[in-house]
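Working notes, beginning with the structure itself.
Small disclaimer: the values here were computed from a predicted structure and weren't measured. Indexing begins at 1, ligand by ligand and atom by atom, following the structure's order.
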Amino acid sequence: MRRAVYPGSFDPITNGHLDIIKRSSKVFDEVVVGVLVNPDKKGLFDIDERVTLIQKCIAEFPNVKVQSFSGLLINFMKSVDAKVIVKGLRAVSDFEYEFQMALMNNKLNPNIETVFMMTNAKYSYLSSSSVKQVAMFGGCIKGLVPNEISDDIISKVNKEGDKGIWKL
Ligand code: PNS
């Protein structure tokens, strides 16, 4: 069984992420979306909320699962018995950071490979941060995030936006 992990913060999942999930679900037998619990970075959504939002969007992909994790990605990979990390690459600016992470993960465990998928050109400008910013200032997020979760994002931003404690 070829199982891959697609890791990230997913605060929240966007259509760009979902595109990578959809495409990687065709390449691998199983894809585990790994949501990082990062105690240093206060997000808009807490971890359980991020997982729930992702669950709403992956219902149509039977070989995709979602799980949260903390600590090192390679340890999470071991716990779910996966040897491949899937990452999406947008612009050249993503490359340096992703290259460094891929090399570090491979150094920590040489059996782990990182596979990059070029983000669909339709979504190359898209990020969770920009979605939050657009939503916070009342812009339209239709087409940026899966339809199933756009109301959740708008109501969360309306509830939390004025607190200004979460990171864009
Ligand atoms: O969506 P993001 O924030 O770009 O995702 C980053 C993520 C979660 C993939 C990365 O921060 C990560 O893997 N964190 C776990 C800690 C780790 O394993 N670090 C070693 C590699 S440098």
Side-chain angles (χ1 to χ4, degrees), residues 3-25 27-28 30-58 64-120 122-136 141 144-146 149 152-153 156-157 160 165-168:
R3 183 177 290 126
V5 167
Y6 178 42
S9 304
F10 303 106
D11 183 41
I13 183 171
T14 68
N15 276 340
H17 295 131
L18 192 59
D19 177 64
I20 298 288
I21 291 171
K22 193 190 288 188
R23 286 158 54 202
S24 51
S25 75
V27 175
F28 298 97
E30 194 173 288
V31 177
V32 180
V33 181
V35 186
L36 177 69
V37 178
N38 186 347
D40 298 331
K41 198 165 141 188
K42 168 100 180 99
L44 174 60
F45 292 97
D46 69 30
I47 290 303
D48 292 340
E49 290 170 331
R50 292 180 209 186
V51 167
T52 303
L53 291 179
I54 294 169
Q55 271 162 347
K56 281 190 183 186
C57 307
I58 60 173
V64 178
K65 302 186 169 23
V66 57
Q67 238 176 282
S68 59
F69 75 100
S70 53
L72 286 178
L73 176 58
I74 53 147
N75 292 341
F76 177 62
M77 307 279 299
K78 194 170 176 198
S79 75
V80 297
D81 192 24
K83 301 228 163 28
V84 180
I85 300 168
V86 174
K87 297 298 301 271
L89 266 189
R90 289 169 301 189
V92 181
S93 50
D94 279 346
F95 180 77
E96 217 170 314
Y97 173 65
E98 294 296 347
F99 185 52
Q100 187 188 20
M101 277 206 293
L103 292 181
M104 178 60 85
N105 285 323
N106 189 259
K107 165 80 179 140
L108 294 171
N109 183 345
N111 295 319
I112 299 283
E113 285 295 341
T114 303
V115 169
F116 292 100
M117 282 193 176
M118 303 314 292
T119 294
N120 189 320
K122 277 197 297 195
Y123 305 125
S124 59
Y125 63 94
L126 194 51
S127 68
S128 297
S129 302
S130 59
V131 166
K132 284 183 278 191
Q133 195 163 57
V134 170
M136 192 168 83
I141 58 170
L144 307 182
V145 296
I149 64 164
D152 296 302
I153 295 171
K156 184 75 170 177
V157 162
E160 306 276 339
I165 47 169
W166 44 274
K167 193 165 177 333
L168 278 172

Is Ile74 close to ligand 1, meaning an N/O of one under 3.5 Å from an N/O of the other?
no
Less than 3.5 Å between some nitrogen or oxygen of Ser9 and one of ligand 1, yes or no?
yes
Atoms of ligand 1, numbered as shown, that sit under 4.0 Å from any heavy atom of [X]:
X: Gly71; answer: 15 (C), 16 (C)
X: Asn105; answer: 20 (C), 21 (C)
X: Met101; answer: 10 (C), 22 (S)

Could a heavy atom of Lys87 be found less than 4.0 Å from some atom of ligand 1?
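The answer is yes, since Lys87 has a heavy atom less than 4.0 Å from ligand 1.
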Would Ser128 count as a contact residue for ligand 1, given that I'm defining contact as a non-hydrogen atom of the residue lying under 4.0 Å from a ligand atom?
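Ser128: no contact with ligand 1 (<4.0 Å).
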Can you tell me which residue and heavy atom of the protein come closest to [atom], and the distance to 0.1 Å?
atom: atom 19 (N) of ligand 1; result: Leu72 CD2, 3.9 Å
atom: atom 4 (O) of ligand 1; result: Tyr97 CE2, 4.2 Å
atom: atom 5 (O) of ligand 1; result: Gly8 CA, 3.4 Å
atom: atom 14 (N) of ligand 1; result: Leu36 CD2, 3.8 Å

Anything under 30° is parallel, anything over 60° is perpendicular, the rest tilted; go ahead and classify Phe69 against Phe76.
parallel
Residues Lys83, Asp81; criterion side chain to side chain contact (heavy atoms under 4.5 Å, CB included); working and verdict:
CA-CA 7 Å; Lys83 301 228 163 28; Asp81 192 24; 4.1 Å; yes
Using 0.5 Å steps for rounding, measure from the [atom1] atom of [X] to the [atom2] atom of [Y].
X: Glu113; Y: Met77; atom1: CD; atom2: CE; value: 10.0 Å
X: Leu53; Y: Ile13; atom1: CG; atom2: CD1; value: 8.5 Å
X: Met118; Y: Arg90; atom1: CE; atom2: CZ; value: 11.5 Å

Taking CZ in Phe99 as the centre, count heavy atoms belonging to other residues, nucleotides or ligands within less than 6.0 Å. Is the count above 12?
no
Non-hydrogen atoms of Ala4 and Val86 that approach each other most closely:
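Of all heavy-atom pairs spanning Ala4 and Val86, the closest is CB-CG2, 3.8 Å.
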Should the pair Lys87-Asp94 be classified as a salt bridge under the 4.0 Å nitrogen-to-oxygen rule?
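Between Asp94 and Lys87 there is no salt bridge, as every charged N stays at least 4.0 Å from the carboxylate O atoms.
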Between Leu73 and ligand 1, which residue portion shows a heavy-atom distance shorter than 4.0 Å: side chain, backbone, both, or neither?
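Looking at Leu73 and ligand 1, atoms from backbone and side chain both fall under 4.0 Å.
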